[in-house]
Every structure is written in structure tokens, then in C-alpha cells.
Amino acid sequence: MRRRPRAPQAPRPAGGSLEAEALTRAGLAPAGSGKVLLLACGALAHEILALKRMNGWGHLDLHCLPAILHNTPERIPDAVEAAVKAHRGRYDEVFVVYADCGTGGLLQARCAALGVEMLRGPHCYSFFEGNAAFAAHDDEITAFYLTDFLVRQFDAFVTKPLGLDRHPDLRDMYFGNYTKLVYQAQTDDPDLTKKAKACAAFLKLDFERRFTGYGDLATELAEVAAR
Amino acid sequence: MSDEDEIILSELDDEELVQQMFDDLYDGLKEEIEEGVNILLERGWAPYRILTEALVGGMTIVGKDFRDGILFVPEVLLAANAMKGGMYILKPLLAETGAPRVGKMVIGTVKGDIHDIGKNLVSMMMEGAGFEVVDLGINNAVEAYLEALEAEKPDILGMSALLTTTMPYMKVVIDTMVETGVRDDYIVLVGGAPLNEEFGRAIGADAYCRDAAVAVETAKDLIARRHNQMAAG
């Protein structure tokens, strides 16, 4: 059963793997203050909080939906709509920090119907690298991407849902057409790089680390913050 | 499981063996399925009967439970892998024994997309239902589809995509078929996780098929309608 986002009064998860697991399954409650609510995927919580800290965006509050919605994109539009309706009364604006994320335009349509804006781009792999740069890759259809968050939560997002923990022999059916794992690093973290390499080895894929920083996420949120 | 509990497939009668093969398919036991197929062949079953009654019958149960949320993708893949083992034995025999042919399909994943799990399931179930399937594999440009249509003269073109970024390419293929005047010569079926019926209609496909079982039923239905139209015309 899918859990609901935490109640606004709940303390924010803090620290280590527990935090990543909480962001995956439960999301992150808003603090309840600020002019603009950023309604985001839990997989972006670390990055958005880092951008807030770096830029002093105290007027932007953050509420994350469970990151595991990534694996069932057809549920994202309803979850976003419910959260927008639940929280929009307390803010001047709600900005949805999701790209299309596999919804096939349905999230864009839902946001338009709700009168809220959302991130540009097909998915986080694209906006972290920069949508224009990502679209310019003609030779990456056999690349499997991981971000910092997905490296941390590789088991929850890849190994377990695909049954590879129980049936590693299914690897070829899932990943036989892939050639490389591209770790899009948002931060310089040797431990994450080591883990990403291990993920590539587990999937029997070549490994490439590509530092992206926050990419278009930073520029788009800066536009929202400046309004 | 203790030795006493072990099931000796060759000791089961035909009905029990087919039931056991349903269970083994459900559990993804490839070696047991291969053994079951060989036993039925030794008992004089026609390859087509083994295919339809034991393998397709078993996979139909798997498909229903997947649709109902009882089974998930890993279990379906294991079952498909087991069925593949049985099909590998039966396929050359089916051709030799003149099994009925329902129709012919060319199928492939669209350009820019390397995902083929769904396509492979559809191919396998279509073959199981008596269709001849020409599988173009992954990452197919419009030219590859058109060349295959010209060369193979199938009844059906099937296109698959997993990505929202690649699924619009299906419209490129269909539009090109319209431009070249061949669209109405074929039944066009589309499928893939991010697709839906509305998308299928919007791009001009004959039908969107949400899973392999629906693809088989839709293909049979549309081929029958086509035959009826031709007979009436």
C-alpha cells in the first residue's frame, strides 16, 4: 500500500540511509512557511535543500512526495493534484518540481488544469545534465542513468522491484540491451562513486561518472525564487 | 521438499501432467517445462496441442494474475523464460506437422528505444496463438518497418515503446505508411507501458494493446473482421 506524505507537523527525516528510505517511501512534509511551495519528487529533496541553503531561498518551502512514485509514473498526476489541493491555500504559489517523468504529458496537462507550473524536460537525468545537452546525445540510448539519490537507493528502485535480488539471472532480460551505466553525480562524494561503480558491476555494464551538479534544476528554481 | 514429496512428471497421467505444467510455468521452472513437453511428445501429443493446451494455457493464468496484481514483472519473466524453453523444443516440430497459421505479424521496438521485454512477451504469445512472427528487434527506424512490410507481407504491424520520449515515433511510422499508400494494407497494433488507448487512437493505430494477452485477442479479432469484410466485399 502506498503511504501518504507525512503530516505537516512531523519532524523532517534526518541523516544517512534512513533519510533516503524515508524520502523513498514517505516523502517530506512542508515546514509550513514561505511564499512559494516547491512540490517535488522525494528524489530531489537533497538537491533542492542544498540549493535553498546556497542561495538563501528562505521564502521557498519544500514538500516532497514519495520518491518511489518514480516506479509507477501513472500515479504521479493524482498524487501531485492531491498535494496541490491540500497545500495551495497556505502559499502564494505552488511550483511542481517534477519533469514529465514518464507520465507521457499527463502531468503537464494536470498542472495546466490546476493552474500551476512545473519543471521543463522529460526527466531528472535530462534536467540535471541540462535539457539541451541531454537532448544532444545521439549515442546514449543504451545508457542506464543513476543520480546521487538513485545510487543511494539502488536496491529500493532497481534491485528489489525488478526481482534481481531473488533472481539475478533476470539481469540479461532487463539489461541485456544496455551497454553502460552513467552515474550523473550531483555532488563529489567518493562513497557514492564507489557504490555507483558497484551498481554497474552488478548489472554487468560499463561505468561512466559524469558530474552534472544541479543543472537546469538550479536555473529553473532561481527563476521561481526571483519572482 | 523431501524426497517423498518430489513429483515425478513421467508418472503423472496426461491431465495431471498438464496441470503440473501450469504450476511449473507459474513458478518459472524452465527445466520442468522442457521435461513436460518432451513427455507429452513421447506420448504422441501433437506439438500444436502441447503448445495451446499446456503452454499457452499456463501462460494465460500467469497473464491474468499479472493483470490482477497477484504476480509482478519478475515472476512473469520467469514464467515466460520457462515457456520459451518449451517453445524452443516445439517450434521446429510445429512447422513439420503443419500447425494452423492464424496470421503473420512484423513486430519491433521503435527508434531510440532498446526495451524489448514487452515486445518479446507479445511475440511469444502471438506465436503460441498460431501467428508467424517476424521480430525486427529494437531501435527500428521507419525504413526498417517499411522494408519488412514489403518483404514479409504480414497481416499485422506491431510497434512497441517503453519511453515517453520514443513513443511519438510510432506516429512517424504510421504517417509514413499513409504517405506511401500502404496504411490500409495492414492492421497496426501498438503497445508499451506509457501508452494508452487515447494515444493509440491519436496516432492512427488500429488498437492499443495493454498486454500480451490483449494483443493476441485483438489480433485475432481484427484479422477475423478483416476476413469478413473481404468476404462481404
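A, B, ... follow the sequence lines: proteins, then strands. Residue 1 opens every chain.
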Residue-level contacts of residues 138-149 of chain B with chain A, using a heavy-atom cutoff under 4.5 Å: B:Ile138, B:Asn139

Residues of residues 198-221 of chain B with any heavy atom under 4.5 Å of a heavy atom in chain A: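 Listed by number, there are no contacting residues, so the answer is none.
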
Over 12 foreign heavy atoms within 6.0 Å of [atom1], [X]:
X        : atom1 : value
B:Tyr88  : OH    : no
A:Lys197 : NZ    : no
A:Arg120 : CZ    : no
B:Lys84  : NZ    : no
A:Lys195 : NZ    : yes

Which bit of [X] is near chain B, if near means a heavy-atom gap under 4.5 Å: side chain, backbone, both or neither?
X        : value
A:Pro161 : backbone
A:Leu162 : backbone
A:Phe175 : neither

Considering all heavy atoms, the nearest [X]-[Y] contact:
X        : Y        : value
A:Thr103 : B:Thr164 : N-CG2, 4.2 Å
B:Pro74  : A:Arg166 : CG-NH2, 3.9 Å
B:Leu77  : A:Leu170 : CB-CD2, 3.9 Å

Nearest-0.5 Å distance that lies between atom [atom1] in [X] and atom [atom2] in [Y]:
X        : Y        : atom1 : atom2 : answer
B:Asn81  : A:Met173 : CG    : CE    : 5.0 Å
B:Asn196 : A:Leu106 : CG    : CG    : 6.5 Å
A:Asn177 : B:Asp113 : CG    : CG    : 9.5 Å
B:Ile117 : A:Tyr174 : CD1   : OH    : 6.0 Å

Pick from A:Pro122, A:Gly102, A:Gly176, A:Pro73 with the largest number of heavy-atom pairs that fall under 4.5 Å of chain B: A:Gly102

Top contributor to chain A interface from B:Leu195, B:Leu162, B:Leu163, B:Leu78 [non-hydrogen pairs under 4.5 Å]: B:Leu78

Leading residue by heavy atom contact count with chain A [cutoff under 4.5 Å; candidates B:Met167, B:His115, B:Glu75]: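 Top option by heavy-atom pairs under 4.5 Å: B:His115.
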
